[in-house]
Amino acid sequence: MSHGAPTAASRGPREWSPEQAAEIQTILTRYPTKQSAVMPLLWMAQDAWEWIDLDVMRLIARTLELSPSHVHSVASFYTMFKKGPTNRYFIQVCHTLSCALVGAEGLIAHIEKRLDIDAHGNSKDGLFTLLRVECLASCGSAPMAQINEHFYERLTPEIIDQVIDGLRAGKNLPEPRPEADQWTFPVS
Amino acid sequence: MDFPRILSGNWETPDSHRLTVARSRGVYSRLPKALGMAPADITAVVKDSGLRGRGGAGFPTGMKWTFVPALEKRKGKPVYLLCNADESEPGTFKDRYCLWLDPHLLIEGMIIAARALDVRVGYIYIRGEFRYIARRLDEALAEAYTAGLLGKNILGSGTDFDLYVHVGAGAYICGEETALISSLEGEKGQPKLKPPFPAVEGAWRAPTIVNNVETLAVVPWIIENGAAAYKAIGTEKSPGTKLFSVSGHVRKPGVYEIPLGLPMTTLINEYAGGLLPGRKLKAVIPGGSSVPVMTPAEVELCSMDYESIQTNAGSYLGSGGMIVMDDTTDLVAALTNLLRFYAHESCGQCTPCREGCGWMYQILCRVRDGDATAADLVTLRDLADNIHSKTICFFGASAAMPVQSFLTKFRSEFLDRVQGRGAGAA
Ligand SMILES: Cc1cc2nc3c(=O)[nH]c(=O)nc-3n(C[C@H](O)[C@H](O)[C@H](O)COP(=O)(O)O)c2cc1C
Ligand code: SF4
Ligand code: FES
């Protein structure tokens, strides 16, 4: 489906490393039941193996003494647990009302064209995946996108072009400057 | 206007999220006093202050706290405190600022609430998209633990409180308190019928208080300054300051802390800088996408408090997420956009909500694209009326209210778009 993403075989065995096992012990102390650790463990697994497949679900089920079907039901309920690979840079653009009012659709169209996005949301060069998402609580600095973990706000086609060009040239993602950091109280 | 910036007062201070900086700004200075108070006295002060929950429903916070059963009635069960940092209501972005810029203020508020409610373990439930903020919260918690502000015997007071961050993974419905609890328990984030209310039977079937970030972050100020000082700000029934998130067609969108009761036009025109040059106001959603839309005439009448918006516009202050739309806005497209959101986010448990939201969205797409008839508008209205109040959680009503209010208050915009009517024929 996508280019450059690891294949199932290259992802290595689905077993916890000693560091992960230790981290799991810490996580378990936080909750009165093992089941409550299912989301933290899904996150841990996704960080390690990029997406959640059946082997990962079985591993988590074994670890927490849950049925694999329970882990599956949780993993599939939450949209952020990936069910398959995405490319290296995952651009999630908000298209909910506040962003739509100030140009989200134009921004999305621009990115789609610029990156030659296919029906699966992947770019032709195999570097990017584009997804439309609902409100990311950044409506005052719209339009915005979450690229991998961070928010990039008050986007224009020019800004997103700079980011894309930089990433294609092998640079890292620019440091996000959260809108909140630039906040000054505009006393009237 | 002179009023204390209770929530946003530290936001301009560089590195305000660091413990040393936060402390220099007075964060944690209220703890010795609070930890020396009898738990019931803390609740009494919060109750007397008139503080109302900032998550959307505006329920009196102190009163909610009194619903937790007394120790002898709890049959040995603990009490849990959950901070709702799910912030997913479209148009709302204030908690993100609180979490990012002043995490220690929230932690201080949670310690005081924990003392009041006999809580030993609390969680901050934060939406998955805020993972970068969750990392900052984890750092703040680590700083607080090292300084003896969390954990066993806080500041030698005999109070124990452990606080953890729990990260969601992309589901709007997890902001609803019973869904949030299900999610924390490692289930799908689906709401449950109330009663029982969480305060009586919540997380792991133990009494659980769920409060919004902003609600908990106000508590230290109230303890320091007293209920009367808090009541002196705002209006009689809506005391205090509140954070408003203003987005859409204004010159300076952003988060503004103002005393409740300020005219809505002051918030829009002065704080948020007013509309773009040459534009006219068309519609305002005052309290997050779920509340009824308002007309410009209603905006003129309303002040930013719970009562005024309800009385003068039949809408709600909600989360304080205000979306401003000027005369360039296609309101049919705006409502269609919102219904796509609700159709996407319904958890699917209740038939009216699951089927109705998708159906309303499809009809609206056709209205927007000029492929609908007047009969479709009747169906649309009928669907909304039959979802409201007929579902497990308030999400159903949240999807219905925008439809009902847009159709009522901006009727001609919709009539103009259905077949057989040219523009202006309505
Ligand atoms: C569909 C739905 C979504 C909600 N989302 C949030 C949210 O993101 N954040 C929040 O604090 N409250 C949200 N609430 C309200 C909570 O259920 C709950 O009332 C609130 O967290 C209580 O805190 P408060 O009393 O401090 O306001 C939502 C409610 C509903 C019905
Ligand atoms: S009203 Fe909608 S979101 Fe709420 S429980 Fe029912 S289906 Fe789920
Ligand atoms: S509408 Fe886009 S971040 Fe809220």
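Chain letters run A, B, ... following the sequence lines, proteins first and then strands; every chain starts at 1.
Atom CZ of B/R340 sits about 7.0 Å away from atom CZ of A/R132, to the nearest 0.5 Å. Separation of atoms CZ (A/F151) and CH2 (B/W100) is listed at 10.5 Å; rounding is to 0.5 Å.
Enclosure of atom NE2 in A/H72 is not indicated, since only 12 or fewer non-hydrogen atoms of other residues, nucleotides or ligands lie within 6.0 angstrom. When the shell of 6.0 Å around NE2 of B/H344 is examined, it contains 12 or fewer heavy atoms from other residues, nucleotides or ligands. Open room surrounds NZ on B/K152; 12 or fewer heavy atoms of other groups in view lie less than 6.0 Å from it. Other residues, nucleotides and ligands contribute at most 12 non-hydrogen atoms within 6.0 Å of the NZ atom of A/K171. The neighbour count for A/R168 CZ, taken as heavy atoms of other residues, nucleotides or ligands under 6.0 Å away, is above 12.
Between chain A and the residues B/G248, B/G168, B/S88, the most heavy-atom pairs under 4.5 angstrom are made by B/G168. If you tally non-hydrogen atom pairs under 4.5 Å between each of B/L184, B/D162, B/L335, B/I133 and chain A, the highest count goes to B/L184. Most heavy-atom pairs under 4.5 Å with chain A, from the set B/A169, B/P253, B/G186, B/G321: that is B/A169. Taking chain B as the reference chain and counting heavy-atom pairs below 4.5 Å, the highest number among A/V74, A/I27, A/V38 is found for A/V74. Annotation: maximal heavy-atom pairing with chain A below 4.5 Å, among B/S183, B/A334, B/A171, B/P14, occurs at B/S183. Chain A forms more heavy-atom pairs under 4.5 Å with one residue of B/T92, B/V121, B/V167, B/T328 than with any other, namely B/V167.
Put simply, the side chain of B/R96 never gets that close to the backbone of A/S138: no donor and acceptor are under 3.5 Å apart. Using a distance-only test at 3.5 Å, with no hydrogens or angles considered, a donor-acceptor pair links the side chain of A/T79 to the main chain of B/G170. The backbone N or O of B/E129 sits less than 3.5 Å from a side-chain atom of A/Q146, completing a donor-acceptor pair. In this structure, B/H249 contributes its side chain and A/L101 its backbone to a donor-acceptor pair below 3.5 Å. No donor-acceptor distance shorter than 3.5 angstrom exists from the side chain of B/Y172 to the backbone of A/E134, with no hydrogens or angles considered. Listed for the B/N337 side chain is a donor-acceptor partner under 3.5 Å among the backbone atoms of A/H95.
Using a 4.5 Å cut-off between heavy atoms, B/S245 does not touch chain A at all. Proximity to chain A (any heavy atom under 4.5 Å) is restricted, for B/V324, to the backbone atoms N, CA, C and O. Heavy atoms closer than 4.5 Å to chain A are found in the side chain of B/L338, but not in its backbone. For B/Y164, the part sitting under 4.5 Å from any heavy atom of chain A is the side chain, from C-beta outward, and nothing else. Heavy atoms of B/S289 lying under 4.5 Å from chain A are absent altogether. No part of B/L163 comes within reach of chain A, as not one of its non-hydrogen atoms sits under 4.5 angstrom from that chain. Only the side chain of A/S141 comes within contact range of chain B, with heavy atoms under 4.5 Å apart. The contact between B/V246 and chain A is made entirely by backbone atoms, counting heavy-atom distances below 4.5 Å.
Considering only heavy atoms from C-beta on, B/R135 comes within 4.5 Å of A/E149 through its side chain. Looking only at side-chain heavy atoms (C-beta outward), A/L136 and B/R127 come within less than 4.5 Å of each other. Inter-residue side-chain proximity for A/C135 and B/E87 is flagged as unmet; no heavy-atom pair is nearer than 4.5 Å. Counting only heavy atoms from C-beta outward, the side chains of B/W204 and A/S36 approach each other to under 4.5 Å. Residues B/I285 and A/L97 have side chains in contact (heavy-atom distance under 4.5 Å, counting atoms from C-beta outward).
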Audit row: B/C347, A/F77, side-chain contact (heavy atoms from CB on, under 4.5 Å) steps and yes/no: CA-CA 9 Å; B/C347 88; A/F77 184 83; 4.3 Å; yes
Worked check of side-chain contact (heavy atoms from CB on, under 4.5 Å) between A/Y78 and B/C174: CA-CA 10 Å; A/Y78 298 94; B/C174 287; 3.7 Å; yes
Stepwise side-chain hydrogen bond (donor to acceptor under 3.5 Å, both in side chains) test for B/E187 and A/Q35: CA-CA 8 Å; B/E187 302 274 353; A/Q35 180 179 294; 3.0 Å; yes
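The aromatic rings of A/Y31 and B/H166 sit perpendicular, their planes meeting at an angle over 60°, well past the 30° parallel limit.
Contact record, A/C139 with B/S247: O-CB, 3.3 Å, taken as the closest heavy-atom pair. B/Y123 and A/P32 make their closest contact through OH-CD, 3.8 Å (heavy atoms, listed as atom of the first residue, atom of the second, distance).
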